Amino acid sequence: MADKKEKIYRVKCKAYDSEGRGIVHFNGSNIPVEGLIIGEMAHIALKHTNEGTIGILKDVEIPSKDRVRPVCPYYDRCGGCQLMFMKYNAQLDMKQQIVEGLIGNFCKVEPVLGMEIPENFRTKVHATFSKGKNGRVIAGTYEPKSHRVIDINNCCIQDQKANDIVVSIKKLMQSERIEPYDEDRGRGILRHVLIRTGFKTGQVMVVLVVGSGYFPGKKNFVHALTRKHREITTVVINENSRKTSMILGEKEEVVYGPGYIEDELCGIRFRISPKSFYQVNPAQTEVLYQLAIKLAQLDKKQTVLDAYCGIGTISLICADSVREVIGVELNSDAVKNARSNAKINHKENVRFYCEDAGNFMKKREADGEDAPDVVFTDPPRSGCSKEFLKALAKAAPKRIVYISCNPVTLQRDLQWLTKHGYKAVTAVPVDMFGMSKHVETVVLLQRKDM
């Protein structure tokens with residue numbers, strides 16, 4: 001039986017939703033449509049999903065002046081740069097509207113802080129290896145919702161040195177007959193490469209992820225790679241044989257250099273190992289952290305708690321401005337890095353604890369410890385846990401600086417905090433990820449009785 005002819009509807013984009021999709025009004029409902037800019041007239045089809053009805057963009061009849069042709073040849077297949085069809089200023093306008101729509105009821109939202117150069121900013125690059133149809137080695141990212149690797153030679157948002165190194169590795173694998181690892185069959189050698197570049201130092205780490213401990217000719221391979229790219233300062237071989245979306249496994253072998261690189265943020269030096277969390281856009285990270293510290297209004301009499309502290313970036317950057325800093329982080333590897341970074345930078349007034357932030361604060365209160373004067377919280381996309389928020393409200397620090405990578409969970413947490421003794425004073429969006437829908441937001445909260 002033939003399918004019914006698809007119905008097409010003419011619509012106008014009126015707004016953006018929290019995920020950066022265009023919103024059109026249709027039959028009394030708001031329908032989200034990927035790829036639309038406010039003001040555009042377009043034709044869409046409707047698709048019913050478990051989450052509700054969405055629009056599928058068929059064509060744009062009257063395009064916005066902010067619509068551009070994506071410069072990336074992989075744009076239609078990759079999915080990593082969802083907003084490349086918009087001028088950069090229009091992307092910033094979208095992110096401003098998203099943040100204002102979600103948290104504008106709590107406080108004034110200042111203008112978004114954009115990047116000077118929204119290109120080649122990612123200093124952490126990951127590529128997956130596979131075989132192309134012609135039998136040649138390919139490397140890149142997976143197509144959305146698939147395990148098909150897109151062969152990418154030059155990503156517009158990745159560090160250019162890293163792009164070049166990935167291409168060299170592909171060529172070396174071809175010439176040295178090093179097979180890509182096949183996860184389904186459990187055969188082959190190289191599975192992924194992870195490249196990290198020091199923004200200020202220029203140091204480069206290459207992590208070669210293998211499917212097993214067997215890597216024939218690895219010394220010759222690494223020698224040829226480091227001779228081709230003198231900028232590489234260390235190479236690590238990581239073994240990951242599991243069927244998992246995680247890039248790195250547990251076993252590591254340093255085969256060239258010290259096994260880590262160093263970089264600087266806001267005058268503080270950080271040691272970065274393969275598994276260290278470190279922001280992928282250090283230029284904007286400096287903007288973000290300097291803003292957060294400015295909003296905190298620090299002085300030498302204060303005790304600061306840095307919740308979800310990672311490798312101690314904010315803790316160490318603000319250490320000279322306060323009496324004491326306490327960093328709390330559940331990831332044990334990150335805590336080890338944080339303690340090492342404190343030693344490197346000779347910061348003796350900073351202590352790091354490997355513990356859940358909410359439990360840590362409850363224990364401090366039970367032990368009769370004084371509450372911190374200021375709390376920085378930089379949680380994952382899921383936001384702060386309810387236990388942490390309860391402990392935070394009970395401790396009642398004078399100020400909270402909330403750094404969010406997800407305005408939806410930020411809105412949820414602000415609703416809770418503003419019902420439990422706090423008022424939001426100001427919010428500032430910061431664009432860390434040009435060409436994508438993601439936006440960071442820094443919010444200053446203050447006790448209502450101040």
Side-chain angles (χ1 to χ4, degrees), residues 72-80 122 124-197 204-229 231-232 234-257 259 274-275 280:
C72 176
Y74 317 105
Y75 170 77
D76 290 333
R77 296 177 60 205
C78 173
R122 285 189 66 96
K124 180 181 178 182
V125 170
H126 160 239
T128 298
F129 297 109
S130 186
K131 273 281 187 76
K133 291 181 180 179
N134 58 3
R136 297 191 67 81
V137 176
I138 63 174
T141 188
Y142 291 121
E143 284 188 33
K145 300 178 182 179
S146 82
H147 258 135
R148 293 186 299 273
V149 174
I150 306 166
D151 192 22
I152 296 175
N153 288 323
N154 190 46
C155 174
C156 301
I157 63 170
Q158 292 180 170
D159 179 83
Q160 190 56 52
K161 286 184 288 189
N163 283 332
D164 296 341
I165 290 169
V166 172
V167 172
S168 293
I169 291 174
K170 284 194 295 184
K171 290 179 179 178
L172 268 175
M173 289 175 68
Q174 200 72 40
S175 63
E176 299 296 319
R177 298 183 180 180
I178 302 296
E179 290 287 308
Y181 183 74
D182 186 317
E183 185 180 285
D184 294 328
R185 296 188 302 161
R187 297 178 184 175
I189 306 298
L190 276 179
R191 187 171 183 174
H192 310 283
V193 63
L194 177 67
I195 302 171
R196 308 186 77 154
T197 305
V204 178
M205 171 195 294
V206 175
V207 184
L208 300 170
V209 183
V210 297
S212 70
Y214 179 64
F215 187 172
K218 65 183 176 185
K219 287 185 178 179
N220 290 336
F221 189 93
V222 170
H223 177 72
L225 182 63
T226 52
R227 187 172 57 184
K228 170 74 173 175
H229 293 277
E231 66 272 22
I232 296 174
T234 193
V235 179
V236 178
I237 294 178
N238 178 279
E239 184 181 338
N240 184 2
S241 59
R242 296 172 297 170
K243 283 194 173 185
T244 173
S245 59
M246 299 291 288
I247 298 168
L248 300 179
E250 294 300 319
K251 293 182 181 179
E252 289 182 355
E253 178 190 4
V254 179
V255 292
Y256 180 79
K275 296 176 184 175
V280 302

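Remember, it's a predicted structure, so these values are computed and weren't measured experimentally.
Two residues are said to be in side-chain contact when any heavy atoms from C-beta on lie closer than 4.5 Å; Y181 and V210 fail this criterion. Within the 4.5 Å cutoff, side-chain heavy atoms of E231 are placed close to those of I165. Side-chain contact check for L248 versus P274: some heavy-atom pair is nearer than 4.5 Å. The shortest side-chain heavy-atom distance between H126 and Q158 does not fall under the 4.5 Å cut-off.
Contact detail for G211 and S241: the closest heavy-atom pair is O-CB, 3.0 Å. Between K161 and V204 the shortest heavy-atom distance is NZ-CG2, 4.4 Å. Nearest heavy-atom pair, I178 versus F215, reported as atom, atom and distance to 0.1 Å: CD1-CE2, 4.1 Å. In this structure, A139 and V166 approach most closely via the heavy-atom pair CB-CG1, 4.0 Å. Counting all heavy atoms, side chain and backbone alike, L190 lies closest to F129 at O-CB, 3.8 Å.
The side chain to side chain donor-acceptor pair (under 3.5 Å) analysis of residues 166-175, with sequence neighbours excluded, yields the pairs D151-K170, N153-K170, S168-H229. Pairs of residues two or more places apart, or lying in two chains, that qualify as ring pair (Phe, Tyr, Trp, His ring centres under 6.0 Å) and include a residue from residues 131-157 are Y142-H147. For residues 127-138, the set of pairs meeting the salt bridge (charged side-chain N to carboxylate O under 4.0 Å, His left out) definition, not counting sequence neighbours, comprises K131-E179.
K275 contributes a side-chain N or O that, together with a main-chain N or O of G249, makes up a donor-acceptor pair within less than 3.5 Å. Using a distance-only test at 3.5 Å, with no hydrogens or angles considered, no donor-acceptor pair links the side chain of N240 to the main chain of V209. In terms of modelled atom types and a separation under 3.5 Å, the side chain of N163 and the main chain of C155 share a donor-acceptor contact. Looking at T128, its side chain never comes within 3.5 Å of a backbone N or O of T141 through a donor-acceptor pair.
Shown here are the salt bridge (charged side-chain N to carboxylate O under 4.0 Å, His left out) partners of E252, two or more places apart in sequence or in another chain: there are none. Listed by chain and number, the residues in a salt bridge (charged side-chain N to carboxylate O under 4.0 Å, His left out) with R196 amount to none (sequence neighbours excluded).
Note that CD1 of I169 is 5.5 Å distant from CG of L208, once rounded to the nearest 0.5 Å. Atoms OG and CD1, from S130 and I138 in turn, are 4.5 Å apart once rounded to the nearest 0.5 Å. Atom NZ in K124 sits 14.5 Å away from atom CG in D159 (nearest 0.5 Å). If you take CD on E143 and CG on D76, they are separated by 10.5 Å, rounding to the nearest 0.5 Å. Atom OH of Y74 and atom CD1 of I150 lie 9.5 Å apart (nearest 0.5 Å). Atom CD1 of I195 and atom CE of M205 lie 11.5 Å apart (nearest 0.5 Å).
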Could you list the donor-acceptor pairs under 3.5 angstrom formed by side chains in residues 216-226, with sequence neighbours left out?
{"residue": "K218", "atom": "NZ", "partner": "E253", "partner atom": "OE1", "Å": "2.8"}
{"residue": "K218", "atom": "NZ", "partner": "E253", "partner atom": "OE2", "Å": "3.2"}
{"residue": "T226", "atom": "OG1", "partner": "V222", "partner atom": "O", "Å": "2.9"}
{"residue": "T226", "atom": "OG1", "partner": "H223", "partner atom": "O", "Å": "3.2"}

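E183 has no carboxylate O lying under 4.0 Å from a charged side-chain N of K243, or vice versa, which leaves the two without a salt bridge.
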